[in-house]
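Below is one structure, written out as structure tokens, with a few remarks after it.
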Amino acid sequence: MNLAGKTALITGGARRVGRAIALELAEAGCDVAVHYRSSEAEARETVRLITQRGRRAAAIPGDLDASAEWPRIIAAAVSALGRLDILINNASMFDPTPLDNFDPARWEQTLRVNFLAPAGLAAAARPHLAKSGEGSIVNLCDISAERPWRNYAAYCASKAALICLTKALAKEFAPAIRVNGIAPGIAEFPDSYDETTRQKLIARVPLARAGTPEEIAKAVRYLVADATYVTGHILTVDGGRGLR
């Protein structure tokens, strides 16, 4: 699919992997709606970088923890840029939820942001994506959906649910809209990880290095632009970590 003149909405598009995806799709010719919750300055900088590349862009605020925001975010993106062809569900919560201190409210919030919000955004975006004729959704999943981490059960469960949702939407939205997912390994370390922790994780990767946000962004571009006969697929981008 030729992305020139298409419009993409990227949740959590202000920084880190989200920004890399926004810039990659802009380079491919997309206009981009950059969703953010609290990172307004970073979102405006991402918009500036997109417009530097000759594409239109808009910063769209919204709290994915509030279900009323989901259709409003879609409507704001369409209002700002005139259409919607691509939805990238990138934003997520990544907080520890140790089971020895079970907090139902934190679990519910994690599932709402990481799983229910992508579902609600997809439902609201469906008419616009179908009208496009080449609509595409990419959900950012995680390899932890199959290999959960200690103390992050809510996050891992939410990503497992997102994988199931991706496959369900691929069936339900076909043939007008393709729906795929990406399961990254190490794409960008949380700021809280010290060097010892980082090196310990890298030691588990056959390619012996961390991935980059740009590599995840290129995988998104592939699924959106080139994989035109692919739907319901989860593309693992983990440097081979799943082999160990």
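In this structure, I10 and V32 have side chains that are in contact, with non-hydrogen atoms separated by less than 4.5 Å. Side-chain atoms of N90 and N139, non-hydrogen and from C-beta on, never get closer than 4.5 Å to each other. E40 places none of its side-chain heavy atoms less than 4.5 Å from the side chain of P61. Residues S144 and Y152 are not in side-chain contact: their nearest non-hydrogen atoms beyond the backbone lie 4.5 Å or more apart. Using a 4.5 Å heavy-atom cutoff, the side chains of L201 and F189 are in contact. Side chains of L140 and S92 form no contact here, defined as non-hydrogen atoms less than 4.5 Å apart.
Of all the heavy atoms in R83 and D85, the pair that sits closest is NH2-OD1, 2.7 Å. Shown here for Y36 and R44, the closest heavy-atom pair between the two residues is OH-NH2, 4.4 Å. For the residue pair P190 and R198, the shortest heavy atom distance occurs at O-NH2, 3.3 Å. Taking each heavy atom of G62 and H35 in turn, the nearest pair found is O-NE2, 2.8 Å. Looking at every heavy atom in both residues, I50 comes nearest to A22 through CD1-CB, 4.1 Å. Shown here for I234 and C141, the closest heavy-atom pair between the two residues is CD1-SG, 4.4 Å.
Atom CZ of R37 has 12 or fewer heavy atoms from other residues, nucleotides or ligands within 6.0 Å. Around the CD atom of E42, the shell of radius 6.0 Å holds more than 12 heavy atoms that belong to other residues, nucleotides or ligands.
The distance from atom CD1 of I216 to atom CZ of R221, rounded to the nearest 0.5 Å, is 15.5 Å. Separation of atoms CG (N151) and CG (N101) is listed at 10.5 Å; rounding is to 0.5 Å. Remark: L3 CG to C30 SG distance equals 4.5 Å, nearest 0.5 Å. For the atom pair CG (N180) and CG (L223), the distance works out to 5.0 Å, reported to the nearest 0.5 Å. One distance of note links CZ of R15 with OG1 of T46; it measures 10.0 Å at 0.5 Å rounding. Note that CD of Q109 is 7.5 Å distant from CG of D95, once rounded to the nearest 0.5 Å.
Ring geometry for W149 against F94 counts as perpendicular: the plane angle is over 60°, on a 0 to 90° scale with 30° as the lower cut.
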Point to revise | CA sep, side-chain torsions, deciding dist, call: E188, T212, side chain to side chain contact (heavy atoms under 4.5 Å, CB included) | key: CA-CA 6 Å; E188 188 168 13; T212 68; over 6 Å; no
Practice item. Kindly determine whether H233 and K167 satisfy side chain to side chain contact (heavy atoms under 4.5 Å, CB included), including the steps that lead there. Key: CA-CA 7 Å; H233 181 69; K167 296 177 180 181; over 6 Å; no
Practice item. Assess whether side chain to side chain contact (heavy atoms under 4.5 Å, CB included) is satisfied between R16 and D191, documenting all intermediate values. Key: CA-CA 11 Å; R16 297 173 64 87; D191 294 337; 3.8 Å; yes
Practice item. Go through the steps for E134 and R178 under the test side chain to side chain contact (heavy atoms under 4.5 Å, CB included), then give the verdict. Key: CA-CA 8 Å; E134 296 180 300; R178 294 183 303 108; over 6 Å; no
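When hydrophobic side chains of Ile, Leu, Val, Met, Phe, Trp and Tyr are connected at separations under 4.5 Å, L169 ends up clustered with L9, I60, L64, W70, I73, I74, V78, L84, L87, M93, V113, F115, L116, L121, L129, I137, L162, L165, F173, I177, V179. Through chains of ILVMFWY side-chain contacts below 4.5 Å, F102 is grouped with L99, W107.
At a threshold of 4.0 Å, the pair R55-E27 does not count as salt-bridged, since none of the basic side-chain nitrogens sits closer than that to a carboxylate oxygen. Between K218 and E24, at least one side-chain nitrogen of the basic residue sits less than 4.0 Å from a carboxylate oxygen of the acidic one, meeting the salt-bridge criterion. Salt bridge E215/R209: present, at least one basic N to carboxylate O contact under 4.0 Å. For D142 and K159, the salt-bridge test fails: no basic side-chain N is under 4.0 Å from an acidic carboxylate O. Taking a cutoff of 4.0 Å between a charged side-chain nitrogen and a carboxylate oxygen, R72 and E69 qualify as a salt bridge. By the 4.0 Å N-to-carboxylate-O rule, D31 lies too far from R53 to be salt-bridged with it.
Although no hydrogens or angles enter the test, the distance criterion places no donor-acceptor pair under 3.5 Å between the side chain of S158 and the main chain of T110. Listed for the R56 side chain is a donor-acceptor partner under 3.5 Å among the backbone atoms of L81. Side-chain N or O atoms of T51 include one that pairs as donor or acceptor with a backbone N or O of R48 at under 3.5 Å.
Note on I21 and L235: same hydrophobic cluster, where clusters join Ile, Leu, Val, Met, Phe, Trp and Tyr whose side-chain heavy atoms are under 4.5 Å apart, directly or indirectly. Hydrophobic clustering, with ILVMFWY side chains joined whenever heavy atoms are under 4.5 angstrom apart, groups V224 together with V237.
Remark: of the listed residues V17, I182, T11, L25, L25 is the sole one forming a side chain to side chain contact (heavy atoms under 4.5 Å, CB included) with I88.
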